[in-house]
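Down below is the structure, laid out as structure tokens.
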Amino acid sequence: MVETSSGGGSGPHASEIDDVLSAVAKEARAYLESLDERPVRSSDLETALESFAGRLPEEGSGAVDTLEKLTSRGMDAAIHSSGPRFFHFVIGGVTPAALGAEWLGSVIDQNPGLWIASPLGGRLEVLSIAWLLDLFELPPEWGGVLTTGATMANYVSLACARHWCGQRQGIDVEQQGLRALRPIKVLSSGYIHASATKAVGMLGLGRASILKVARDDAGRVDLEGVERHLASFDGDPAIVIANAGEVNAGDFDPINEMADLAQSYGAWLHVDGAFGLFARISPDTIDLCKGVERAHSVTADGHKWLNVAYDSGFAFVSDPALLRESFGVSAAYLTPGGENQPDFGFMGPEMSRKARGLAVWATLNAYGRSGYRTMVERHLALARRVARRVEEADDLELLADVKLNIICFRLHPPGLSEEQLDVLNARVGDAVLADGRVFVGTTSYRGKVAFRPAIVNWRTTEADVDLLVDTLRALGERLRTSG
Ligand SMILES: *Cc1c(COP(=O)(O)O)cnc(C)c1O
């Protein structure tokens with residue numbers, strides 16, 4: 001039975017659901033089957049995008065018609081960043097288990113802000129955090145929350161740091177405000193991520209309180225400089241941010257040495273491991289993260305290397321009580337959960353919040369430690385393959401050692417000046433995005449325009465990374481010969 005749902009001012013109707021589910025499942029199947037072959041960017045993107053316009057309709061067209069419109073035009077307007085050849089930024093795909101759980105999550109639409117509102121969401125968030133701590137070999141007594149991403153995980157972590165620094169000054173910063181606090185300095189290397197800077201700003205600590213103590217133009221930390229700063233604070237607590245995986249070349253700060261300094265001078269140590277924390281999963285790369293278990297807080301992303309859909313991130317803290325001390329509130333109508341029934345709305349910035357634990361739990365349950373280890377090691381091998389091809393080619397130049405899953409390199413045909421190389425690489429950077437077969441971004445690394453593909457998608461194969469290298473070389477060749 002299909003009733004009409006349009007016209008007559010009719011609102012949502014249960015009779016639409018069956019058609020909506022069938023239509024979406026059919027489209028989803030076709031889309032996902034074609035994802036490995038699709039260009040990242042459809043040549044029809046602009047026109048498809050323009051079809052979404054016009055005024056708010058007085059009478060809606062109903063769910064079935066609307067979803068037909070969304071699937072027929074929306075798929076071309078979308079960037080296929082969950083496919084295997086999206087190497088720009090650090091954007092993961094979606095595993096089948098995560099996809100299924102995510103879908104089911106919107107069917108049951110849970111809000112684990114309060115345990116009582118979604119025991120299922122709460123329970124799976126508790127379990128997700130415990131399993132992630134295990135996966136990353138962090139102490140089981142730590143706590144955490146699931147967030148929208150690493151930016152908010154940095155925010156949560158640094159809010160706990162701010163609270164902890166306040167306690168050391170005898171101040172309750174949430175109650176008394178920043179004006180009661182002596183300024184808190186934040187020390188990091190040149191590798192600090194823009195999102196940590198943003199979080200420091202949002203917390204009112206002042207972006208200018210961040211000191212980037214680097215010893216070279218790549219941004220590598222100057223440990224002696226960090227120590228000199230810490231010694232100069234006269235015992236006032238500071239925050240040290242160590243970076244596990246920076247975005248230009250995938251390099252790591254020496255976390256263990258920074259942990260020594262934080263310990264000696266009584267500073268908070270935060271580690272931003274948005275994607276780099278996954279180095280912990282493989283014996284090949286585990287040493288890059290040595291000392292992360294000594295941190296007070298750690299950030300990682302779900303929507304990057306875990307391959308869970310947007311938006312998903314994790315904040316871990318060594319002292320779980322700090323989450324409630326920083327974010328807890330009460331109101332007459334809010335009923336707190338009991339023992340082992342955490343209300344995640346009192347442990348992070350949002351009260352009402354999505355049940356992110358469903359997808360995180362599902363993908364970890366489906367593939368386990370060994371499934372993730374295999375995937376990470378496959379990606380490490382792909383990154384090394386790209387590096388090898390770059391080193392073998394006479395028109396390419398590797399700009400940094402490959403530590404993890406990012407390869408920093410540039411086109412470097414013989415006979416061009418530095419200035420001409422920058423122009424060429426920037427033009428190829430524009431051309432590759434317009435071409436659409438592979439997506440990769442440029443950066444400025446040690447003053448040079450460079451490519452920095454990141455490999456994090458479970459679908460990516462050798463053929464995909466080979467196409468990346470071949471496409472960049474071919475576009476470079478074409479741009480040079482056409483002048
Ligand atoms: C991506 C990234 C972030 C920000 O994460 P979002 O998930 O985009 O909020 C923070 N730090 C590092 C090192 C990153 O790579």
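One-based numbering, in listed order, for ligands and for the atoms of each.
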of all protein heavy atoms, closest to atom 9 (O) of ligand 1 is Thr151 OG1, 2.5 Å
So, are Lys354 and Glu102 salt-bridged, with charged N and O less than 4.0 Å apart?
-> yes
Is the shortest distance from a heavy atom of Met152 to ligand 1 less than 4.0 Å?
-> no
Could you tell me whether Glu137 and Arg280 have a side-chain N and a carboxylate O separated by less than 4.0 Å?
-> no
Looking at Arg38 and Glu33, does any basic side-chain N land under 4.0 Å from a carboxylate oxygen?
-> no
Give a yes or no on whether the backbone of Leu421 and the side-chain of Glu418 come within a donor-acceptor separation of less than 3.5 Å.
-> no
Gly313 touching ligand 1 at heavy-atom level, < 4.0 angstrom | no
Top protein contact for atom 11 (N) of ligand 1, by heavy-atom distance | Asp272 OD2, 2.8 Å
Tyr372 and Tyr367 aromatic ring geometry - parallel, tilted or perpendicular at 30°/60° bounds = perpendicular
Atom 14 (C) of ligand 1: which protein heavy atom is closest, and how many Å away?
-> Lys304 NZ, 2.9 Å
Non-neighbouring partners of Ser444 that pass side-chain hydrogen bond (donor to acceptor under 3.5 Å, both in side chains), sequence neighbours left out = none
To the nearest 0.1 Å, how far is atom 3 (C) of ligand 1 from its closest protein heavy atom, and which atom is that?
-> His193 CE1, 3.3 Å
Give the residue, atom name and distance (to 0.1 Å) of the protein heavy atom nearest atom 10 (C) of ligand 1.
-> Ser195 OG, 3.0 Å
